[in-house]
Structure formats: C-alpha cells, structure tokens
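When reading the values below, keep in mind they use all heavy atoms of this one structure, side chains included, and skip hydrogens, waters and symmetry mates. The sequence lines fix the lettering, A, B, ..., with proteins before strands; numbering per chain opens at 1.
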Amino acid sequence: MQGSAVQAKFYARPTESVARGLLGHILVSDVGGRRHQTAGRIVEVEAYVGPHDPACHAYGHRRTPRTEPLYGPPGTAYVYFTYGMHWCLNAVTEPQEFPAAVLIRALEPLAGFATMRKRRGKEPLCSGPARLCEALGVTGALNGVSLQRGVLRILEGTRPRKRDIVAGPRIGITQATNWPLRYYLKGSPWVSAVR
DNA sequence: ACGCAGATTTTCT
DNA sequence: GAAAATCTGCGTT
C-alpha cells in the first residue's frame with residue numbers, strides 16, 4: 001500500500017474539519033507483519049470536539065490515564081476499550097493539550113481481505129468502530145502511536161465531493177445527541193447501520 | 001426485517 | 001453500583 005501519509009498539520013485543526021477531511025483517506029494496518037497488511041477507505045467518522053462536548057471522554061477536562069492520549073500530539077491514535085470487549089480507534093486532533101479526536105466508524109475494505117476475514121470470522125468486515133478494529137488488529141497496544149509512520153498509518157486518498165458528505169447525529173451516545181457531528185459518504189454501502 | 005438481551009471490564013460516582 | 005463513542009445471537013413479525 002503506497003501513498004503519502006497525512007501530516008500532523010492536517011490534524012492540528014478544528015476537529016469537525018479534520019473529521020470531514022478524513023473521509024476518502026486510507027487507513028493502513030501492518031499489525032502482525034506486512035504480509036498481513038490490511039487497509040480500507042474511511043467512509044464514516046464522528047467528531048468529539050473537546051472539553052465542552054458532553055459526549056467527549058475529556059468532557060470538563062477529565063484528564064485521567066484513559067484520556068491522556070487525547071491531550072497528546074495531533075495525528076496520533078487514541079484507542080479505548082468499551083462494553084467489556086470492544087476496541088475503538090480515534091485520530092487525535094487540534095494542538096497538543098486540547099483534548100479532541102475523530103472516531104473512525106467505518107471503512108470500505110481495500111486490502112488484506114483474507115486476514116480481515118480470519119480476524120473477524122464474519123461479515124461485515126469494517127462497518128462499525130469495533131468491527132474495523134478487529135479486522136485491522138487494532139488494540140490498546142496501539143494507544144498513542146503515530147498515524148504518520150509505523151504499523152498504523154493514514155494515507156492521502158481520493159477527496160470526496162462536498163455534496164457527497166452527509167452530516168447527522170452521532171451514534172450510541174446519550175449526551176449532546178442533536179449535534180450533527182457524524183459524517184459519512186452518501187450512498188456508501190460500507191457505512192455502519194443506524195439503529 | 002425488527003427488537004431485545006447478554007457479553008464483560010474499565011472507569012468514575 | 002452503574003454506565004459505557006458496541007456487537008451478536010436469538011426470538012418474533
């Protein structure tokens with residue numbers, strides 16, 4: 001998988017812009033070695049915009065061991081564990097010390113289908129934040145790593161047309177449910193299902 | 001196709 | 001003790 005990595009400067013901006021801008025880019029994982037490389041095009045994301053966002057883990061500047069990566073440099077991974085069994089992957093945004101991130105919710109699978117099927121055991125492979133983590137082998141071991149080099153990378157992809165980006169309420173949260181901070185590609189069959 | 005409950009553990013109250 | 005940025009399996013329609 002080739003292409004230039006998205007640079008830190010891209011992430012050091014308002015989280016909603018980064019979220020929209022990530023659509024169409026490519027997430028690559030070399031977890032388990034390059035022979036088991038997996039990759040997909042980002043088709044669905046959610047913005048968690050900072051201490052003033054009741055749904056953000058760092059709401060009210062809750063700085064704990066868990067939320068520490070949110071305060072780290074832009075362009076790194078925030079991987080958290082939830083519901084007793086699932087990992088979810090975020091890209092940390094905004095300047096260092098401002099705790100915000102973009103949750104990667106769904107990918108269009110592009111490479112490493114056999115590895116993804118083996119890890120997942122079933123379809124869909126990458127439609128849902130915990131599903132794509134399982135398919136790409138993402139766990140807490142990757143919490144805080146760079147997304148510009150190393151085993152997890154986000155590469156420049158094809159930028160979608162603006163009119164193909166849809167905004168709507170975030171999923172699975174109980175706070176600030178009417179902020180339209182979920183973005184996805186219109187008509188994509190890889191977007192996760194809404195309950 | 002839809003709805004509901006179970007899984008399982010970290011984190012904070 | 002309860003909730004959590006979820007997913008799956010099983011029941012019913």
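Closest-nucleotide positions on DNA chain C for A:T174 and A:R131 were compared, and the one nearer the 5' end corresponds to A:T174.
With hydrogens and angles ignored, a donor-acceptor pair closer than 3.5 Å exists between the side chain of A:Y80 and the base of C:dA5.
Between the side chains of A:Y78 and A:H57, a donor-acceptor pair is found at a separation under 3.5 Å. Residues A:H61 and A:Y71 have side chains that bring a donor and an acceptor to within less than 3.5 angstrom of each other.
Distance noted for atom P between C:dA5 and B:dG3: 23 Å (whole Å).
Rounded to whole angstrom, the span from the CG atom of A:L103 across to the C1' atom of C:dC7 amounts to 14 Å. As a whole-Å value, the separation of A:Y59 OH from C:dA4 P is 14 Å. Separating the OH atom of A:Y83 from the P atom of C:dG9 is a distance of 18 Å, rounded to the nearest angstrom.
Ring geometry for A:H25 against A:F10 counts as perpendicular: the plane angle is over 60°, on a 0 to 90° scale with 30° as the lower cut.
Listed nucleotides: B:dC12, C:dC7, C:dA5. Nearest to the side chain of A:A130: C:dC7.
When heavy atoms are screened at a 4.0 angstrom cut-off, A:A55 is found touching base atoms of the nucleic acid. Among the protein residues, A:R120 comes within range of the sugar-phosphate backbone only, with heavy atoms under 4.0 Å from sugar or phosphate atoms but none that close to a base.
Under the Watson-Crick or G-U wobble criterion, with both distances below 3.5 Å, C:dC7 is paired with B:dG6.
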